[in-house]
Protein chains: 2
Amino acid sequence: MKNKSVVAEATQMCAVDYAFKRIGGKYKARILWYLNMKKVLRYGELTRTLPDITTKMLTQTLRELEDDNLIVRKMYYEVPPKVEYSLTETAHELIPFIAHLHNWGKKQIEKESLTNRIHPDERALAVCQTECD
Amino acid sequence: MKNKSVVAEATQMCAVDYAFKRIGGKYKARILWYLNMKKVLRYGELTRTLPDITTKMLTQTLRELEDDNLIVRKMYYEVPPKVEYSLTETAHELIPFIAHLHNWGKKQIEKESLTNRIHPDERALAVCQTECD
DNA sequence: CTGGATCCGATCTGATACTG
DNA sequence: CAGTATCAGATCGGATCCAG
């Protein structure tokens, strides 16, 4: 049951390293990014927003983000259950970074499309660009 | 011998995800960060700058960064051998974000030191802060 | 609807020994 | 000095089934 929270075992490492450990999971940055755009998302919405994630990974990632104080989990005791996730203030401070990273990534992807004769309109990007932008 | 370069298999993913794949390795951001500070580093210098890395990981990481066009490897055919690593232009565009991440990480670490009664002067941070700042 | 639990292969990381 | 090679351990990620 031990989540691998990074907080509370910090220190002894470079701040850059630390930061990456905290948001460097396979889906963490994306989840933060989406949460920033939509402000609030329910579990099911996240599942649909990240079509490639399994429930296990989503739950696990959300727990780690929560333990690391980057997201807030708000439960409504109803039937059927309802849970909402949103960013913490700490996470908000990270958004500019993720935004820049996103722009940089987009630029690089476009650059590759040109040099590798991959047509940008090949449907590949379409899925996510609509989500990201 | 296949290095796991991210370039050329891009697309089909979110730009944030893509960017993270490219600089998200365990040591990648740190190496870029140090290279930015020192401009040029030799293999041995990198080994000393990242005291916890093994030669295998260092070599592997450097190769991936090189394949992904983030660092330049310059060999001097001398005895003893000499190799210098430096950032590419593309990588330079990334530095502001890493700096941002670095500041965020530092802030969080300090915050933790307060709440978790870990004394900041416990030698833990000393090693790296002198390198990072 | 929002997860938890388990099993298992893939991937990543490290320790150690060796080399031009 | 700047790596390479090999083996093994650790961690990650996914599939599947189950539950309040």
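Note that these values count all heavy atoms, side chains included, but never hydrogens, waters or copies made by symmetry.
- Residue side chain A:Lys82 does not reach the base of C:dT2 through any donor-acceptor N/O pair under 3.5 Å, judged by distance alone.
- Of the candidate nucleotides D:dC1, C:dT13, D:dG13, D:dC1 has the atom lying nearest to any side-chain atom of B:Arg42.
- The residues B:Lys107 and A:Glu93 are annotated as salt-bridged, a charged nitrogen and a carboxylate oxygen being separated by less than 4.0 angstrom.
- Per the geometry, CD1 belonging to B:Ile53 stands 10 Å off C1' belonging to C:dT13, to the nearest Å.
- Between B:Leu50 and B:Asp52 there is a side-chain heavy-atom pair separated by less than 4.5 Å.
- Residue A:Lys26 places at least one side-chain N or O under 4.0 Å from the OP1 or OP2 atom of D:dG14.
- Using modelled atom types and a 3.5 Å distance limit, the side chains of A:Thr55 and A:Tyr43 yield no donor-acceptor pair.
- Of the candidate nucleotides D:dT4, C:dT2, D:dG13, D:dT4 has the atom lying nearest to any side-chain atom of B:Arg63.
- A donor-acceptor contact under 3.5 Å is formed by the side chain of B:Lys56 with the base of C:dG14.
- The side-chain heavy atoms of B:Leu94 and A:Gln108, taken from C-beta on, include no pair separated by under 4.5 Å.
- Residue A:Val83 has its side chain nearest to C:dG3 when only C:dG3, D:dG3, D:dC1 are considered.
- Interface remark: the B:Thr59 side chain does not form any donor-acceptor pair with the D:dT4 base, using a distance-only criterion of under 3.5 Å.
- Checking C:dT13, D:dT16, C:dC1 against every side-chain atom of A:Pro81, the shortest atom distance belongs to C:dC1.
- Map A:Met57 and B:Leu62 each onto its nearest nucleotide of DNA chain D; the residue landing nearer the 5' end is B:Leu62.
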